[in-house]
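The next block holds one structure in the form of structure tokens; read it before the comments.
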Number of protein chains: 2
Amino acid sequence: MQGQAKHPRLERFAEICKASHLKVTPQRMAIYRELLISTEHPTVDAMFQIVKKEFPNISYDTVSRTMLTFAQIGIADIAEVYGGAKRFDPDVADHHHLHCVSCGNIIDFHNDQYNNLDIPDEVRQNFRVLSSRVVFKGICEKCATTP
Amino acid sequence: MQGQAKHPRLERFAEICKASHLKVTPQRMAIYRELLISTEHPTVDAMFQIVKKEFPNISYDTVSRTMLTFAQIGIADIAEVYGGAKRFDPDVADHHHLHCVSCGNIIDFHNDQYNNLDIPDEVRQNFRVLSSRVVFKGICEKCATTP
DNA sequence: CTTTTTGCAAAGCGTTTGCATTGAA
DNA sequence: TTCAATGCAAACGCTTTGCAAAAAG
């Protein structure tokens, strides 16, 4: 294949679908492919606009259901937001988020220390922790420099 | 005053409003009072249902605008959610959240270590951090014990 | 009195649902 | 051939807006 490099996880898409008893449709493949290369934690609508270029007849709710399905089977995450549209995250490994309160962007960062926080006894005793994330709110570089 | 104890922050409500050039209306007072004693990070609608008992004629959008105003002037926070309705938090001091993926409840906890996380250089250099929070996803005790 | 706030109604987003058709396996 | 997935349209839920009436300062 020429041009755009293939994402390693895309190669396994058929397997992933089979393991979850999902059919490998062209729409699903396209949505997953675009999600994998996205960096903006897209909403359903943002992804709809992207995939529509390739599939002019695709419907919004197919994109919506597909991305929810991806979250259910664990190949995408839903990022924390402060109300409003869901935002999807192709990175399901441990990582952390910066939320720019000015432009609304969510920026990923990785940090080993944050991946291994001690869970307080108070929490451990009353809550079965499945995942954790550190979330910073603030002002991103772009918003800080371009007034 | 008898019956229900007054929250210390409620006593200062008139001052807070004056400082922000807001009028002290009965509706605002009631919404703030109910928010202060809430423990469930209520949505606008949840708060609307509560305040409606005292003000049967209050409108949804008054509650909505009022709670957004409280967030703007810093006497309430908007909690992180995974899409959908905003949830408001009367605790504007450092604290952290547990999200039960089963019942959707958000549970507060406090932890000094988490309040003082080292901010990675990579973050510090590219982002002006205003606040931070540790968010756990998991299963709360109630959901773990009552199937 | 003046200016904000309220209540109302409608409009605006985002999401979900039911159903007939299509298509992957 | 079968059953899941898609596309469509309508319904639903949450939020926002414009405006006249009401109320706070």
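Residue numbers begin at 1 in each chain, while the letters A, B, ... track the order of the sequences. Heavy atoms only: backbone and side chains are in, while hydrogens, waters and symmetry mates are out.
One atom, CD1 of B:I31, and another, C1' of C:dG7, lie 12 Å apart when rounded to the nearest Å. Rounded to an integer number of Å, the gap from A:M67 CE to D:dA5 C1' is 17 Å. Summarising the geometry, the separation between NZ on B:K52 and P on C:dT6 is reported as 17 Å, rounded to the nearest angstrom. Atom CZ in B:F88 sits roughly 13 Å away from atom P in D:dC14 (whole-Å rounding). In this structure, CZ of A:F48 is placed 14 Å from P of D:dT6, rounded to the nearest angstrom. B:M47 places its CE atom 16 Å from the C1' atom of D:dC14, with the value rounded to the nearest Å. One interatomic measurement links the two molecules: CG of B:L68 to C1' of C:dT5, which rounds to 15 Å at whole-angstrom precision. Straight-line distance from the CE atom of B:M29 to the P atom of C:dT5: 14 Å, rounded to whole Å.
B:T145 places a side-chain N or O within donor-acceptor distance of the main-chain N or O of B:K142, the cut-off being under 3.5 Å.
Side-chain to base pairing of A:D45 with C:dC13: no donor and acceptor N or O lie closer than 3.5 Å to each other. At a cut-off of 3.5 angstrom, counting only N and O atoms as typed in the model, there is a donor on one side and an acceptor on the other between the side-chain of B:K23 and the base of C:dT3.
Residues B:V129 and B:R124 form no side-chain contact, since every pair of their non-hydrogen atoms from C-beta on lies 4.5 Å or further apart.
Regarding contacts with the backbone of C:dT15, every side-chain N or O of A:S64 stays at 4.0 angstrom or more from both OP1 and OP2. Between D:dT15 and B:Y60, a contact under 4.0 Å exists linking OP1 or OP2 to a side-chain N or O. Between C:dG7 and B:Q27, a contact under 4.0 Å exists linking OP1 or OP2 to a side-chain N or O. Between A:K86 and C:dT16, a side-chain N or O to OP1/OP2 separation shorter than 4.0 Å is present. For C:dC8, neither phosphate oxygen OP1 nor OP2 lies less than 4.0 angstrom from any side-chain nitrogen or oxygen of B:S59.
Residue A:R65 is in base contact, counting any heavy-atom pair closer than 4.0 Å across all strands shown. Among the protein residues, B:P56 comes within range of no part of the nucleic acid, since none of its heavy atoms lies under 4.0 Å from any strand. As judged by a 4.0 angstrom heavy-atom cut-off over every strand, A:T25 is placed among residues touching the sugar-phosphate backbone only.
Side chain of B:T62, nearest nucleotide from D:dG7, C:dT6, D:dT15: C:dT6. Proximity note for B:D61 (side chain, C-beta onward) versus D:dG25, D:dT17, C:dA25: the nearest is D:dT17. For A:T66, whose side chain is taken as the heavy atoms from C-beta onward, the closest listed nucleotide among C:dA25, D:dC14, D:dT6 is D:dT6. The listed nucleotides are D:dT16, C:dG7, C:dT5; the one nearest the side chain of B:I58 is C:dG7.
B:I31 CD1 to B:F48 CZ: the interatomic distance, rounded to the nearest 0.5 Å, is 10.0 Å.
Salt bridge annotation for A:E54-A:R33: present, with a cationic side-chain nitrogen under 4.0 angstrom from a carboxylate oxygen.
Side-chain contact of A:H97 with A:D108: a donor-acceptor pair under 3.5 Å is present, judged by distance alone. Using modelled atom types and a 3.5 Å distance limit, the side chains of B:D91 and B:H110 yield a donor-acceptor pair.
With DNA chain C read from its 5' end, the first of the two nearest nucleotides for B:F55 and A:L22 is the one closest to B:F55. Taking for each of B:P26 and A:G84 the nucleotide of DNA chain D with the nearest heavy atom, the 5'-most of the two is the partner of A:G84.
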